[in-house]
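Predicted model only: the values in this text are computed from it and were never measured.
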Amino acid sequence: MVETLTPSSSSSRWTQFHHPRPWITSLFSNPKTLLTVLWIAVIFSVLLWQRDATTGILFFRRDFPVSEMPKLRTEVFNLTDFGGVGDGVTLNTAAFERAVLAISKLGKKGGGQLNVPPGYWLTAPFNLTSHMTLFLAEGAVILGIDDEKYWPLMPPLPSYGYGREHIGPRYGSLIHGQNLRDVVITGHNGTINGQGQAWWKKYKQRLLNNTRGPLVQIMWSSDIVISSITLRDSPFWTLHPYDCKNVTIKNVTILAPIFNAPNTDGIDPDSCEDMLIENCYISVGDDAIAIKSGWDQYGISYGRPSTNIVIRNLVVRSMVSAGISIGSEMSGGVSNVIVENVHVWNSRRAVRIKTAAGRGGYVRHIAYRNLTFVNVRVGIVIKTDYNEHPAGEFNPKALPVLEDISYTSIYGEGVRVPVRIHGNSEIPVKNITIRDMSVGITYKKKHIFQCSHVQGRVIGTVFPAPCKNLDLYDEQGHLVRRSGSQNASDIDYDF
């Protein structure tokens, strides 16, 4: 007997076998729930991958495990427990050393925290230990003694061959660490002051026989957090992470006089991997940030690149050099760098890549986004003849590779030369992309968008008018004009 379905029974049977599952019905019938699910999917995809729309380059968004809040330690000490005296006169080196020694014995218990209370704590250089938090209270100032006889001499960095300023050893840093793990320097905006004035004066008078030391230098270490402090008046580079992994620097203020404070770079990531720098204010006597990876033949031999670095949400100033630099010591290579949401004001240069024949290495996969230049002499700079070389033999045929560099959403006012990209026949600059740029210039003359030996593209609206070296595309990415003048040169350093 064949079953006959009436309209009502057919509808019942369809409902029985084909009705959507209850959770699906609930999901799609509730707009708020559906919107939440969609947002989770979007955020998850962005965290995994980010595509630079101007170049098509894919940047892998690594998670930065040290970007979490500094961990609490099970044991907490006060510097006064170890004989510290915060009068600005008493030398507290022994007190710091005793405190660090006590914390070094607590690694299996999670380490320890050293509180530096309000006061002026004069000290010679001292070392940190693993699983340590150095906490500077509001009103606490660690003062570096300005007599070089208290500063130990150290071997030259292996990727530099000798001290950056002199052959032979170099002075160590005021706060130093090597082969460490899980180190935090933080506080309620306490200060580490290098009292660099005496060092700068002796450097200018050529009275120093060794390279000056940084303020804070951490080497061959991992899981480092530096946050919520002020660093000022370093004798040399201020904050120098060297061959480190998983480093977070945030909410840090770095200060030095904008003139007559030579080589007081703010932050110098050097052969570092997986690094985040965010929410900082930097005004110094050299580069605010300079990404490095070794110098000429020494850096090539050492072979440690700086890679996977994010720099964001900064206000910077440099009247002597640049706001954000890559190089010039980049012989181990620099790649996968994102610089975004940066305001550069009252500076000589805004963002600069500097290198030369003899450096070797590479600078590639660099993305600049949402930059603002105010009262800057030169905005975007790529320089391939920065000829500072270490003593001894270097190979002039070791040519760096510069490629896959994008600039998106660049704005400003009071800029004399918005762009100066200076490749040459030996070191051409390849695959440059500039998109969405509007920079107000101080002089309406020629030579305001300068190029030499550069290949790449301009997408959409770019002001001032780009150089003839670059291909032109409209906003939809359609080719408008192909350049036939990639090797043309319009560089004018007098302007």
### Query
Distance only, no hydrogens: is a donor on one side chain within 3.5 Å (strictly under) of an acceptor on the other, for Ser335 and Thr307?
yes
### Task
Give a yes or no on whether a salt bridge exists between Arg369 and Glu340, defined as a side-chain N under 4.0 angstrom from a carboxylate O.
yes
### Query
Under 3.5 Å, is there a donor-acceptor pair linking the side chains of Asp436 and Tyr411?
yes
### Task
Would you mind telling me which of Val316, Val342, Ile410, Ile380 makes a side chain to side chain contact (heavy atoms under 4.5 Å, CB included) with Val351?
Ile380
#### Entry: Salt bridge Glu278-Lys250, side-chain N to carboxylate O under 4.0 Å
no
### Query
Above 12 or not: heavy atoms from other molecules or residues under 6.0 Å from CG of Asn209?
no
### Message
So that I can tick it off, tell me whether Glu388 and Arg164 are bridged by a salt bridge, with the cut-off set at under 4.0 angstrom between side-chain N and carboxylate O.
### Response
yes
### Any side-chain donor near an acceptor of the partner, Asp182 and His131, under 3.5 Å
yes
### Message
Between Thr211 and Arg170, is there a side-chain donor-acceptor contact under 3.5 Å, judged purely by atom types and distance?
### Response
no
#### Entry: Backbone N/O of Asp492 and side chain of Arg420: donor-acceptor pair under 3.5 Å
yes
### Message
Exactly one of Met154, Met219, Gln217, Arg212 should register a side chain to side chain contact (heavy atoms under 4.5 Å, CB included) with Ser173. Which one does?
### Response
Gln217
### Query
Is there a donor in the side chain of His389 and an acceptor in the side chain of Asp296, or the other way round, less than 3.5 Å apart?
yes
### Query
If only atom types and distance count, is the side chain of Asn469 paired as donor or acceptor with the main-chain N or O of Ala488 below 3.5 Å?
yes
### Message
Donor-acceptor pair, distance only, cut-off 3.5 Å: does the side chain of Ser489 make one with the backbone of Ser452?
### Response
no
### Message
With a 3.5 Å distance limit and no angle check, can you tell me whether Asp287 reaches the backbone of Ala322 through a side-chain donor-acceptor pair?
### Response
yes
#### Entry: Cys pair Cys244, Cys272: SG separation below 2.5 Å
no
#### Entry: Side chains of Asn260 and Lys204, donor plus acceptor under 3.5 Å
yes
### Query
Ser331 side chain to Arg359 main-chain N or O, any donor-acceptor pair under 3.5 Å?
yes
### Message
Does this structure show an ion pair linking Asp474 with Arg481, if we count only N-O contacts that are shorter than 4.0 Å?
### Response
no
### Query
Judged by modelled atom types alone, do Asp233 and Gln197 share a side-chain donor-acceptor pair under 3.5 Å?
yes
### Query
According to the interplanar angle, ranging from 0 to 90°, do the rings of Trp151 and Trp199 count as parallel (below 30°), tilted (30 to 60°) or perpendicular (above 60°)?
perpendicular
### Query
Would the number of heavy atoms belonging to other residues, nucleotides or ligands and lying under 6.0 Å from CD of Glu393 be above 12?
no
### Task
Return yes if some donor-acceptor pair links the side-chain N/O of Asp265 with the main-chain N/O of Ile267 below 3.5 Å, else return no.
no
### Query
Any side-chain donor paired with an acceptor under 3.5 Å for Arg352 and Ser321?
yes
### Query
Hey, are Arg364 and Asp404 close enough for a salt bridge, meaning a charged N less than 4.0 Å from a carboxylate O?
no
### Message
Could you walk me through whether Thr230 and Asn189 satisfy the side chain to side chain donor-acceptor pair (under 3.5 Å) test, starting with their C-alpha distance in whole Å, then the side-chain angles of each, then the deciding distance to 0.1 Å, before giving a yes or no?
### Response
CA-CA 6 Å; Thr230 294; Asn189 202 33; 2.9 Å; yes
### Message
Side chains of Ser483 and Asp471: any donor to acceptor distance under 3.5 Å?
### Response
no
### Task
Would you please indicate if the ring centroids of Trp295 and Phe394 are separated by under 6.0 Å?
no
### Message
Whether the Ser306 and Ser271 side chains hold a donor-acceptor pair (N or O, under 3.5 Å, no angle test) is what I'd like checked.
### Response
no
### Query
Will you find, in the side chains of Tyr242 and Ser159, an N or O donor that is under 3.5 Å from an N or O acceptor?
yes
### Query
Looking at Tyr493 versus His422, is the centre-to-centre ring distance below 6.0 Å?
yes
### Task
Could you give me the CA-CA distance, side-chain angles and deciding distance for Glu148 and Lys202, then say whether salt bridge (Lys or Arg N to Asp or Glu O under 4.0 Å) is met?
CA-CA 10 Å; Glu148 66 268 24; Lys202 290 177 182 179; 2.7 Å; yes
### Query
Would you say the side-chain atoms of Arg377 and Ser347 include a donor-acceptor pair closer than 3.5 Å?
no
### Task
Apply salt bridge (Lys or Arg N to Asp or Glu O under 4.0 Å) to Arg304 and Glu273, showing your working.
CA-CA 9 Å; Arg304 301 285 198 282; Glu273 179 179 352; over 6 Å; no
#### Entry: CA sep, side-chain torsions, deciding dist, call: Phe135, His188, ring-ring contact (aromatic ring centres under 6.0 Å, His included)
CA-CA 8 Å; Phe135 188 95; His188 291 152; 5.0 Å; yes
### Message
Is it true that Asp286 and Thr264 share a donor-acceptor pair across their side chains at a distance under 3.5 Å?
### Response
no
#### Entry: Thr384 and Asn424: side chain donor to acceptor below 3.5 Å
yes
### Query
Looking only at atom types and distance, does a side-chain atom of Thr186 sit under 3.5 Å from a main-chain N or O of Ser227, one as donor and one as acceptor?
yes
### Query
Less than 6.0 Å separating the ring centroids of Tyr160 and Tyr298?
no
### Query
For Ile249, which of Ile185, Leu276, Leu239 qualifies under side chain to side chain contact (heavy atoms under 4.5 Å, CB included)?
Leu239
### Task
Would you kindly say whether Arg457 and Thr433 are connected by a side-chain donor-acceptor distance under 3.5 Å?
yes
#### Entry: Crowding at NZ, Lys468 (>12 non-hydrogen neighbours, <6.0 Å)
no
